[in-house]
Amino acid sequence: IVRMVFHDCVGTACDGCINIDNVDNRGLREPIDGIFPMVQKYRSKLSRADIWAICAMEAASMAVPGDGHHFPLHYIGRKDCADGDEKGYGGEDHAMC
């Protein structure tokens, strides 16, 4: 999930879309499909991009041993890309380098 959100944020914005045809995005279908039910559940309140960011922050917090570390989320209001599908497949293709 953290890698997925990193790839989402490459380019101009964290917009809740991944071009799955880009070779750099291999292996990201599983996390996108895995959190899609959460996207559907909260779609009326949050953008897909915000939900992805929240999931990444939670995943990073859970990865720290012991009591973990809380990574606060300071911003809600990201806009989803206009040209992706409901899961976030599509959008602009951004080079990693």
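Keep in mind that the numbers below use all heavy atoms, side chains included, and drop hydrogens, waters and symmetry copies.
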Single-linkage hydrophobic cluster M57~I76, side-chain heavy atoms < 4.5 angstrom: yes
How many angstroms lie between [atom1] in [X] and [atom2] in [Y], if you round to the nearest 0.5 Å?
{"X": "Y42", "Y": "S47", "atom1": "OH", "atom2": "OG", "answer": "14.5 Å"}
{"X": "D85", "Y": "I20", "atom1": "CG", "atom2": "CD1", "answer": "10.0 Å"}
{"X": "L28", "Y": "I1", "atom1": "CG", "atom2": "CD1", "answer": "11.0 Å"}
{"X": "C17", "Y": "H7", "atom1": "SG", "atom2": "NE2", "answer": "15.0 Å"}
{"X": "I18", "Y": "C81", "atom1": "CD1", "atom2": "SG", "answer": "9.5 Å"}

Check for a donor-acceptor pair, side chain of R48 on one end and backbone N or O of G16 on the other, with a separation under 3.5 Å. yes
Do D80 and R43 sit within salt-bridge range, that is, some charged N less than 4.0 Å from a carboxylate O?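 R43 and D80: salt-bridged.
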Over all heavy atoms of both residues, which pair between [X] and [Y] is shortest? Give the atoms and the distance, please.
{"X": "W52", "Y": "V5", "answer": "O-CG2, 3.2 Å"}
{"X": "R78", "Y": "A53", "answer": "CZ-CB, 3.8 Å"}
{"X": "I51", "Y": "V39", "answer": "CD1-CA, 3.6 Å"}
{"X": "Y75", "Y": "D50", "answer": "O-OD1, 4.3 Å"}

Apply side chain to side chain contact (heavy atoms under 4.5 Å, CB included) to the pair E86 and F36, showing each step before the final yes or no. CA-CA 9 Å; E86 66 179 345; F36 184 62; 3.7 Å; yes
Sequence neighbours left out, what passes side-chain hydrogen bond (donor to acceptor under 3.5 Å, both in side chains) with D33? Give chain and number order.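 D33 satisfies side-chain hydrogen bond (donor to acceptor under 3.5 Å, both in side chains) with K87, Y89 once adjacent residues are dropped.
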Can you tell if the side chain of I54 reaches within under 4.5 Å of the side chain of M38, non-hydrogen atoms only?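 They are not in contact (no side-chain heavy atoms under 4.5 Å apart), so the answer is no.
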